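All remarks here apply to the structure that follows.
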Amino acid sequence: MRRFYSKCLSVALASAITIPVMAQQTTTVSGSVKNASSKEALSAVSVTIKGGTVGTFTDDKGNFRFTTVQKPPFTLVISSVGYASKEVAVKGSNDVVSVDLTPSFTLGDEVVVAASRVPERILESPVSIERISAAAIRNTPQLNYYDMLTNLKGVDVVTASLTFRSVGTRGFNSSGNTRLNQIVDGMDNQAPGLNFAVGSVLGLSELDVENMELLPGASSALYGPGGMNGTVLINSKNPFKYQGLSFQIKQGVNHIDSKQRPTAPFYDWSLR
């Protein structure tokens with residue numbers, strides 16, 4: 001019994017000595033990121049150490065905080081879609097970084113993965129491709145984010161109901177298009193028993209969608225024989241990049257002419 005107690009005491013002393021040493025070897029980096037024009041806090045901004053993979057993303061208030069074993073000085077790379085990247089030097093372990101990002105135009109610099117299944121600039125894509133960004137989804141007046149596909153070039157639409165529209169390219173569309181692939185995070189989104197995708201009825205909510213990509217042409221070589229009328233790729237938000245609580249309310253009016261039924265309000269609430 002005495003040997004057991006002596007071993008426990010030795011382990012406790014070793015832990016007490018090791019923990020302060022480990023704490024001294026880590027460096028905590030914290031700060032905030034804002035829009036240089038409007039001074040608004042920017043969320044989901046990537047903050048990484050230059051030349052490495054250690055880093056984090058800003059929260060919904062624009063703040064970030066992470067620890068690293070790399071000793072200062074080192075350089076932070078702050079980047080986000082729609083803003084010019086910026087590099088900031090960290091010289092001490094207690095430095096608080098405050099960065100203002102300048103909005104930039106990214107026309108033609110969007111990164112897509114649908115064309116070759118690897119990230120590439122949209123202008124370097126070997127095939128025609130249409131992309132809907134997260135900012136476009138957030139600002140759309142459409143009832144459903146999936147309806148934004150109807151405004152893209154070369155898209156044919158069949159409206160089956162208020163909540164379901166069937167999209168297709170190259171003609172031969174129907175209310176249940178079996179010639180269109182719909183891929184959500186790399187998984188086929190066909191409805192069981194129907195053998196075709198039912199739009200956004202089965203899939204992600206608007207708050208979970210980061211972007212959408214559409215291949216208007218045939219894409220059987222990459223996504224299987226179902227892509228004769230094109231392929232729709234829906235990519236969800238990374239939970240490590242988009243942290244915190246999100247809440248969305250959409251409101252509208254149905255049956256304005258009151259021909260079939262009285263005018264009634266429409267509500268769509270989402271929580272993430």
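Throughout, residue positions are numbered sequentially from 1 according to the sequence presented. Note that the structure is predicted; figures quoted are calculated from it, not measured.
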Under 3.5 Å: donor-acceptor pair, side chain of T169, backbone of P216: yes
Group every Ile, Leu, Val, Met, Phe, Trp and Tyr by side-chain heavy-atom contacts under 4.5 Å, then state whether [X] and [Y] land in the same group.
X: V158; Y: L152; result: no
X: F64; Y: F57; result: no
X: M148; Y: L207; result: no

Roughly how far, to the nearest 0.5 Å, is the [atom2] atom of [Y] from the [atom1] atom of [X]?
X: Q251; Y: D268; atom1: CD; atom2: CG; value: 11.0 Å
X: D208; Y: I234; atom1: CG; atom2: CD1; value: 11.5 Å
X: Y145; Y: R138; atom1: OH; atom2: CZ; value: 16.0 Å
X: D156; Y: T150; atom1: CG; atom2: OG1; value: 11.0 Å
X: L233; Y: L215; atom1: CG; atom2: CG; value: 7.0 Å
X: F66; Y: T68; atom1: CZ; atom2: OG1; value: 6.5 Å

For L101 and L42, what are the C-alpha separation, side-chain angles and deciding distance, and is it a side-chain contact (heavy atoms from CB on, under 4.5 Å)? CA-CA 9 Å; L101 292 185; L42 298 178; 4.1 Å; yes
Look at K250 together with E206 and state whether they make a salt bridge at an N to O cut-off of under 4.0 Å.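 Salt bridge flag = yes for E206 with K250.
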Less than 4.0 angstrom from a charged side-chain N to a carboxylate O is my criterion; do R65 and D59 meet it?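 No salt bridge links R65 with D59.
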Contact summary for [X] and [Y], nearest pair of heavy atoms:
X: N254; Y: P265; answer: ND2-O, 4.4 Å
X: Y146; Y: Q182; answer: OH-OE1, 2.7 Å
X: V209; Y: K237; answer: O-CE, 3.4 Å
X: T27; Y: Q70; answer: OG1-O, 3.4 Å
X: N211; Y: S133; answer: CB-CA, 4.3 Å
X: V77; Y: K50; answer: CG2-CB, 3.7 Å

List the steps, then state whether side-chain contact (heavy atoms from CB on, under 4.5 Å) holds for T263 with V253. CA-CA 7 Å; T263 303; V253 180; 3.3 Å; yes
Applying side-chain contact (heavy atoms from CB on, under 4.5 Å), name anything that partners A89, two or more places apart in sequence or on another chain.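 Counting only residues at least two positions away or on another chain, A89 forms no side-chain contact (heavy atoms from CB on, under 4.5 Å).
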Would you please name every residue forming a side-chain contact (heavy atoms from CB on, under 4.5 Å) with N151, sequence neighbours left out?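 Partners of N151 by the side-chain contact (heavy atoms from CB on, under 4.5 Å) criterion, ordered by chain and then number, come out as Q142.
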[X] vs [Y] side-chain heavy atoms within contact, under 4.5 Å:
X: V232; Y: L180; answer: yes
X: N235; Y: E213; answer: yes
X: V90; Y: V97; answer: yes
X: V47; Y: T58; answer: yes

Residues D100, K39; criterion salt bridge (Lys or Arg N to Asp or Glu O under 4.0 Å); working and verdict: CA-CA 8 Å; D100 293 338; K39 300 302 179 182; 3.2 Å; yes
Suppose we screen for side chain to side chain donor-acceptor pair (under 3.5 Å). Which residues come up paired with [X], at least two apart in sequence or across chains?
X: K153; value: none
X: K61; value: none
X: S37; value: none

Could you walk me through whether I78 and V33 satisfy the side-chain contact (heavy atoms from CB on, under 4.5 Å) test, starting with their C-alpha distance in whole Å, then the side-chain angles of each, then the deciding distance to 0.1 Å, before giving a yes or no? CA-CA 9 Å; I78 295 93; V33 181; 4.2 Å; yes
S32 and N63: side chain to side chain donor-acceptor pair (under 3.5 Å), yes or no, with the steps? CA-CA 4 Å; S32 61; N63 300 322; 4.5 Å; no
Start with the C-alpha gap between I49 and L76, add the side-chain angles, then the distance that decides, and say whether side-chain contact (heavy atoms from CB on, under 4.5 Å) holds. CA-CA 5 Å; I49 297 179; L76 295 179; 4.0 Å; yes
Transitive ILVMFWY cluster of F247, excluding itself - 4.5 Å side-chain cut-off: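 ILVMFWY cluster around F247 also holds L245, I249, Y267, W269, L271.
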Is it the case that more than 12 heavy atoms not belonging to R272 sit under 6.0 Å from its CZ atom?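 For R272, atom CZ is crowded (more than 12 foreign heavy atoms under 6.0 Å).
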